[in-house]
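Input: a single structure, listed below in structure tokens.
Just follow the structure's listing: the first ligand is 1, and inside any ligand the first atom is 1.
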Amino acid sequence: MQVWLEAGREGQVFTYANPEGWPLASGDLVRLRLQGRRHVGLVVEPLAELPPELAGRRILPIEAVHQSAAVDPHWQALLAQVARDCHTSLFRTLKTALPPGWLGQRAERHASAPRRRIRVEARSDAAVPADATAGLTPRQLQALELLERAGGAAWLSPFSAATGIGRSVLEALERRGLVRLRRMADGLEEGAVLLPGSEGVAPQLERPQVLTPQQDEVLAAIRAAAPGQALLLWGVTGAGKTEVYLQAAADALAAGRSALLLTPEIGLIPQLLERCRRRFGSGVLEYHSGCSEGQRIRTWRRCLASGSPVLVVGTRSAVFLPIPQLGLIVLDEEHDSSYKQDSPMPCYHARDVARQRALRSGARLVLGSATPCLETWLSCQGSQPSTTLLRLPQRIGSRPLPPVRLVDMRHELEEGHRRLISRPLMERLAALPACGEQAVVLVPRRGYSSFLSCRSCGEVVQCPHCDVALTVHRSRAAGGGGAGRQWLRCHWCDHRQEIGERCGACGSTAFKPFGAGTQRVMEQLEAELEGLRVLRFDRDTTRGREGHRRLLDQFAAGEADVLVGTQMLAKGMDLPDVTLAAVLAADGLLHRPDLRAGEQSLQLLLQLAGRAGRGDRPGEVLVQTYCPEHPVIRHLVDGRYEAFLEEELALRRSAGLVPFSRACLLRLAGPSASGTATAAAALAERIRPGVVAAGWLVIGPAPAPVARVAGRSRWQLLLHGPTASVLPLASEAELRAGLPQGVSLAIDPDPLEL
Ligand code: ADP
Ligand code: ZN
Ligand code: ZN
């Protein structure tokens with residue numbers, strides 16, 4: 001028996017004996033020991049005989065079957081494809097695809113066999129044809145009679161034990177429509193609760209909305225799409241996309257197929273889950289990092305064991321669930337970068353995996369967004385687009401999108417006002433409590449204090465060699481204490497320069513690193529606006545499983561007038577009293593040293609704008625910036641996201657940037673800064689000949705944007721090459737083999753952040 005083990009090195013295969021004669025097959029998970037410790041391994045290949053070189057050696061036995069048929073051949077083929085696309089091993093991919101803890105030593109805690117309680121029911125309803133009992137075998141007739149005597153229904157295993165009637169006899173009767181076998185899970189009847197609109201619907205379930213003509217058209221297009229087809233549902237926030245998802249899911253279930261609804265953030269799960277459960281009952285499954293380990297394993301197993309369709313709501317990793325008969329995959333907020341896994345490997349994007357799955361299982365894939373990403377939009381173009389574009393341009397009830405007002409922070413400064421919060425914003429906030437309205441205030445976290453901008457003219461210091469803003473670095477002063485030295489550095493080419501005294505463009509000395517934290521904003525608001533109730537919404541205040549929910553509930557209940565927060569604030573919130581959405585330092589988003597900075601900040605700003613004016617009162621968006629001419633700000637004011645995409649696409653095309661070329665990032669991390677830098681340089685030299693021969697470029701090495709994390713120094717190498725070309729790299733294991741001890745390597749073949 002050949003078995004893969006988590007404890008082994010990458011892809012290492014071990015041989016174990018099977019003295020108990022378990023009927024093992026490739027794809028089973030088994031329990032065993034390695035060096036005295038318990039593990040779970042995957043059976044790669046059951047061998048009939050021991051390989052000759054192992055004859056006479058003592059072979060340890062497999063101790064038990066952990067889960068049979070865990071990885072079926074179709075699923076294994078999908079994982080193998082993901083492994084290839086992500087330039088990593090099948091084993092690593094498997095680890096990502098299985099519930100956490102399921103392959104490790106902790107697995108045993110959860111390893112009790114799944115309880116499959118099956119209920120047998122005689123059917124006496126009108127659906128049974130009158131002559132249905134004709135031609136039954138004596139055994140089948142006996143089974144019917146016994147079931148009648150048992151009161152017409154019974155649990156399968158006690159019934160079989162008492163009568164000797166096996167499952168196959170009952171299944172034959174089921175095929176003739178005379179009995180029903182129903183799988184009961186945790187006391188719930190999965191089949192019926194997930195089939196709205198058909199018999200057995202619980203009356204307490206919510207009815208579907210009557211669709212608007214636009215929604216109707218979109219749903220019809222989804223229905224008419226070929227199996228495996230991807231569709232982009234482009235609709236502003238509040239356009240009724242979620243309602244379309246729910247009805248498309250109902251379609252799939254009614255056709256006997258499963259549906260998977262993905263959302264990027266765990267903070268958005270409760271809302272979506274609640275809507276699904278109201279519509280489909282409590283049998284809706286969930287799978288995300290907010291679930292306990294046991295809960296994730298239960299969901300995973302239910303998918304595996306379920307012959308009947310399931311409906312699963314989850315985040316990124318749920319895209320790997322072994323869901324049977326997948327008929328629909330929805331990726332809501334498809335542009336969201338949380339769908340991308342940066343570490344550990346495989347560095348997959350859930351959107352790409354979903355495309356693969358849809359093709360392989362003949363499911364429709366619906367990508368939903370108010371602000372689709374450039375790649376998806378590009379895939380809708382051309383004469384034979386791979387994605388079908390569907391639009392929902394209007395909000396339900398024709399509520400207008402709120403207008404955007406800019407506050408030019410340079411004027412504020414000219415007039416001697418140096419506060420984080422401008423006077424116009426202060427005025428608006430001060431007036432809130434009196435009219436019973438609420439506001440959300442976004443304080444961008446990314447880019448906090450990281451680039452240098454001129455407060456007088458808006459100039460941002462750029463790298464002379466690359467089209468990105470330089471980043472401020474600080475070193476601790478020698479001997480501790482003091483502010484230390486500051487300098488500017490480019491993350492693409494490692495160019496460095498001093499921080500000047502004056503702005504190179506206008507000569508002003510108001511030339512400082514940029515930034516503001518939620519904490520400081522809150523303090524200023526509370527100090528200056530007495531009686532204004534402020535809540536803070538960021539990673540520090542939303543810890544824990546229910547953290548998001550608790551804060552949002554408080555805010556929704558009117559316990560505060562203002563919610564000050566980071567990026568998370570922009571997503572999904574639907575509160576009728578919010579009439580103002582404000583951004584404190586839009587510049588903190590715009591000048592991040594990243595290829596996608598423009599696209600992502602416009603997505604975020606438009607999403608934030610979508611929070612205001614969802615109720616009866618009109619909303620407004622207020623944006624503070626030092627740079628009102630920036631294209632992102634211009635397009636935000638016009639509300640013309642599509643025009644922005646077109647400009648951006650033209651720009652990337654002419655510069656030959658992604659997606660008109662391919663990029664691959666190699667990330668190294670090690671305990672010492674110099675050791676990691678040396679290893680990165682050596683790796684660059686090692687791969688350069690092959691990479692260059694294939695027409696690719698090696699850029700760097702350079703320190704990673706966050707150069708030190710958890711005590712480890714991080715460096716990176718960027719490879720750049722033509723689209724549709726194969727990555728000119730040796731296998732992951734070979735690349736790793738040449739690295740000094742303690743230095744780790746991750747390969748990200750399509751990095752989001754460059
Ligand atoms: P989105 O997902 O695009 O933000 P939703 O599906 O959440 O939009 O719809 C926004 C609001 O409009 C929700 O409160 C929803 O219940 C309601 N809604 C959606 N479709 C309809 C409809 N056809 N008729 C009435 N109300 C609807
Ligand atoms: Zn200046
Ligand atoms: Zn540079």
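Contact analysis leaves G235 out of contact with ligand 1, as no non-hydrogen atom separation drops below 4.0 angstrom.
Under 4.0 Å from ligand 1, not a single heavy atom of R395 appears. The proximity of K241 to ligand 1, defined as any non-hydrogen pair under 4.0 Å, involves the side chain as well as the backbone. If you look at R275 next to ligand 1, the close heavy atoms, those under 4.0 Å, all belong to the side chain. Only the backbone of V210 comes within 4.0 Å of ligand 1, judged by heavy-atom distances.
Near L211, meaning under 4.0 Å from any of its heavy atoms, are these atoms of ligand 1: 23 (N).
Of the protein's non-hydrogen atoms, the one nearest atom 14 (O) of ligand 1 is D574 OD2, 4.5 Å. For atom 5 (P) of ligand 1, the nearest non-hydrogen atom of the protein is G240 CA, 3.6 Å.
When each of T376, T388, L331, L365 is checked for a side-chain contact (heavy atoms from CB on, under 4.5 Å) with L232, only T376 meets the rule. Just one residue in the list Q603, Q600, E642 forms a side-chain contact (heavy atoms from CB on, under 4.5 Å) with T371, and that residue is Q603.
A salt bridge links E334 with R351: at least one charged nitrogen is closer than 4.0 Å to a carboxylate oxygen.
Polar contact check, T242 against ligand 1: a nitrogen or oxygen pair lies under 3.5 Å apart.
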